[in-house]
Every structure is written in structure tokens, then in C-alpha cells.
Number of protein chains: 2
Amino acid sequence: MAIEETRWLSGEEQQAWFALAGMVSWLPDVLDAQLQREAGITHFEYSVMAMLSMSPERTMRMSEVGALANGALPRLSRTVDRLEKRGWVTRRPDPQDGRATLAVLTDAGWDKVVATAPGHVAEVRRVVFDPLTKTQVRQLHEIATRIRRVVHPDGCPPTLPEPSAP
Amino acid sequence: MAIEETRWLSGEEQQAWFALAGMVSWLPDVLDAQLQREAGITHFEYSVMAMLSMSPERTMRMSEVGALANGALPRLSRTVDRLEKRGWVTRRPDPQDGRATLAVLTDAGWDKVVATAPGHVAEVRRVVFDPLTKTQVRQLHEIATRIRRVVHPDGCPPTLPEPSAP
DNA sequence: GAGCTTTACTTGCGTCGTCAAGTATTTGTC
DNA sequence: GACAAATACTTGACGACGCAAGTAAAGCTC
């Protein structure tokens, strides 16, 4: 809200913005819908379990999970409540730091991820990768990285934790 | 969930997907935050009013607004409730078709859009266009269009309604 | 080592969004 | 023209999310 003259979007920018806004609105809905239909979980719940499944010991601090799954702490806390009730995750205090809570994926949780991953990956492929060329995938990677750096500066490390599974 | 072998994501695809997921999660939050801070409205509320402001007569059918603002009907209905309470929008029955409802932007609503647009556009510029090159904007346009076609097939027309304002 | 600050969650409360069901109007169909 | 089906919303019930406040452990300072 500076006093400067507003730089309105050009025609090209408007169209790009409109396309982006549409994608950003609907993509999460589609992913949620598939997971809800075939696994009875939300995309965020899946992300939480998937991140845990990729961690050594299937264990991570709440805040780490949150960062990787793109969710703030209150949201994560309630989500882990639900996952705990369903027997897929358990909490235990971090022996290293009494303030921290560790989330642990149970065997049942592991099985749930393994059962759910193929359908989810297929959906991601269908809506994101199949419509794009290999070149566009690289372009998207760069573009999304740049935007994400601005919208969420304290983003996650460039390398994911040991992928020991799906 | 076919019986076919799962085609897991390649390393490149995983990274691109991770970057995209981050962007898709945080971008809406950042835009909502700016509008909430500076105008006390959500991004969806702004979109609804902005679409109306660009329409001739500042009037549109609910379902049209919903399509342009990327929201389903129940959401739109409640959003217009709120905007109506704040005096920015009014409803009236469509004389052409008694089932339809027309949403009309009031003068106060128009003023609100005019007052809010500069700050919002600046934020969109800051998080989307400033970090990208002109080439990347074109690439993003094409990529987002392709993905949106899959996630929301009954998308909106390629051309926006007469932009008679912001 | 007492006390203030910071960090890492958790939770109460209010709002928002979605699903399913309900209402009103229009559009065939016979 | 009467009745079923479709369309265009609206609404009741309910779950999820975010903000701000609360709790508990660590860390720092003197």
C-alpha cells in the first residue's frame, strides 16, 4: 500500500495469473477427492504419513513433519490426533528435548501408506505429469521453487530425507 | 487402483512435485494474509467482488461468479451472504430465469474493490511475477492451463468478461 | 540457581467450507 | 397441460482450520 503508482498486470500476466489461480484452487480438491474416495483420508493426512514413512525409524518431530507436509503446527497437532485415533501414528516425547513430541508411524500406518500410495501416485501422474512434457516438468520445477521461496521462505531442505519407501 | 504395476515418480518428478505442492499450499495463505491484513477480506471474497466489478452492470449469475472465482456454489452462497451483510453485494432474482440469482456489486462494493486492488496486485506481483522471468511467465501460463484443464475440465472461457476496471 | 525469554507444541473458540438434503423454477414428454 | 426430470441455488449439520492464548521444557543471564 505504498504511495507509488500501481503497476497493473499486463494482458499476458492476467491470463497467466488466472490460469495459475485456477490450478491452485482445484488441484488440492482433486487430490483430496481421490484420497477420500479410495482411502478415506485427506491429502494432508496422507502427506504426514508419507513423510513419516520416508524417515529412518519412521519417526519425526512434529515440527519437522509439519514443515515437510506443508502444514502449520496447530493443524498438524489435530491431524495427528485423528491419525492416532485411527491407530496409524503414535506420539511420544523426545528423549533429547522434553519440549518436542515425536510422531511415529505404526505398522498399521505403514500398511495404510503402502496400500494408498499407488492410487495417489497415479492421480498425481494423471493431473500433473501426464499433461506436461518432460521439458515442462523441468520448467515447473524451477518456477514452483522460485515462487515457493517467496511465499514460504523457511522452506524445507533441498533434499528429502532418505526415501526408504514409496 | 487398477491392477497395473505402479509407475513411481522419478527423482526429477519427485522434486518437481515437492516444489509444486509447497507452492500450492502456501500461495493461497500468503494472498489471504495480505488481504486480511490490509482489507479484512479473504482472497475468495475479493475474487467474487473483482469478478463482479469486471462485469457489465456489475452483475452476474451466482454460478458464473462461482466459475470465475473458482468456488463451488455452497461456498459462493455463504460468501455472498457475508458480502451482503457488509453492504458490498446485493442479490436479486434473474428476470430471465426464476431459478437463477443475480449478484450485484453495490457502489460501496465497487469502492472496496478499488481501494483493495492495488495492494492485492502488488502482492501477486511480489510473489508470482517478480521472481519469474518473462519467459517463465509464458511457460507457467501454458503449464497451469494444461493442469487446470485436467483438474477442472469445465473451466471458464479463455477470455475474461469485458475488463471495465481493475 | 532464580527468573526471564524462547521454543515446541496443544487447545478453546469462532469462522469457514463441504456434503447432503431441501426448495423453487424451468424444461421436456406424453 | 400435467408430471417427471433437470437446473440453480440455499441451508442444516458437521468437521476442519486458524488465531491467539495456554502449558511445559530449555536456554540464557546475572
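Just so we're on the same page: letters track the sequence lines, and every chain starts at 1. Below, each value reflects all heavy atoms present in this structure, side chains not excepted, and no hydrogens, waters or symmetry copies.
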- line: Per nearest nucleotide of DNA chain C, the residue lying toward the 5' end, B:Pro95 or A:Ser63, is A:Ser63

query: Using 4.0 Å as the upper bound for N to carboxylate O, is an ion pair formed by B:Arg138 and B:Glu142?
result: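 Here B:Glu142 does not pair with B:Arg138 in a salt bridge, since their nearest N and O are not under 4.0 Å apart.
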
message: Strictly below 4.0 Å, N to O, side chains only: are A:Arg58 and A:Asp107 in salt-bridge contact?
response: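 Yes, this pair counts.
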
- line: Heavy-atom closest pair (A:Met23 atom, A:Pro28 atom, distance to 0.1 Å) is O-CD, 4.1 Å

field: Smallest separation among heavy atoms of B:Val89 and B:Leu52, with atom names
entry: CG2-CD1, 4.0 Å

field: Letter per nucleotide, 5' to 3', of nucleotides 11-22 of chain D [B base touched, S only sugar-phosphate touched, - untouched; heavy atoms, 4.0 Å]
entry: BBB--SSBBB--

query: Once the angle between the rings of A:His120 and A:Tyr46 is folded into 0 to 90°, is it parallel (under 30°), tilted (30 to 60°) or perpendicular (over 60°)?
result: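 A:His120 and A:Tyr46: tilted rings.
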
field: Atom-to-atom span, CG of A:Leu76 to P of C:dT10 - whole angstrom
entry: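 Those two atoms, CG and P, are 8 Å apart.
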
message: Using a heavy-atom cut-off of 4.0 Å across all strands, would you classify B:Asp97 as base, sugar-phosphate, or nothing?
response: sugar-phosphate

query: Can you name the residues that form a side chain to side chain donor-acceptor pair (under 3.5 Å) with B:Glu12, not counting sequence neighbours?
result: none

- request: May I ask you to evaluate whether B:Thr101 reaches the phosphate of D:dT10, defined as a side-chain N or O under 4.0 Å from OP1 or OP2?
  value: yes

field: Comparing A:Arg99 and B:Arg99 on DNA chain D - which has the more 5′ nearest nucleotide
entry: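 Looking at the nearest nucleotide for each, B:Arg99 comes out on the 5' side.
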
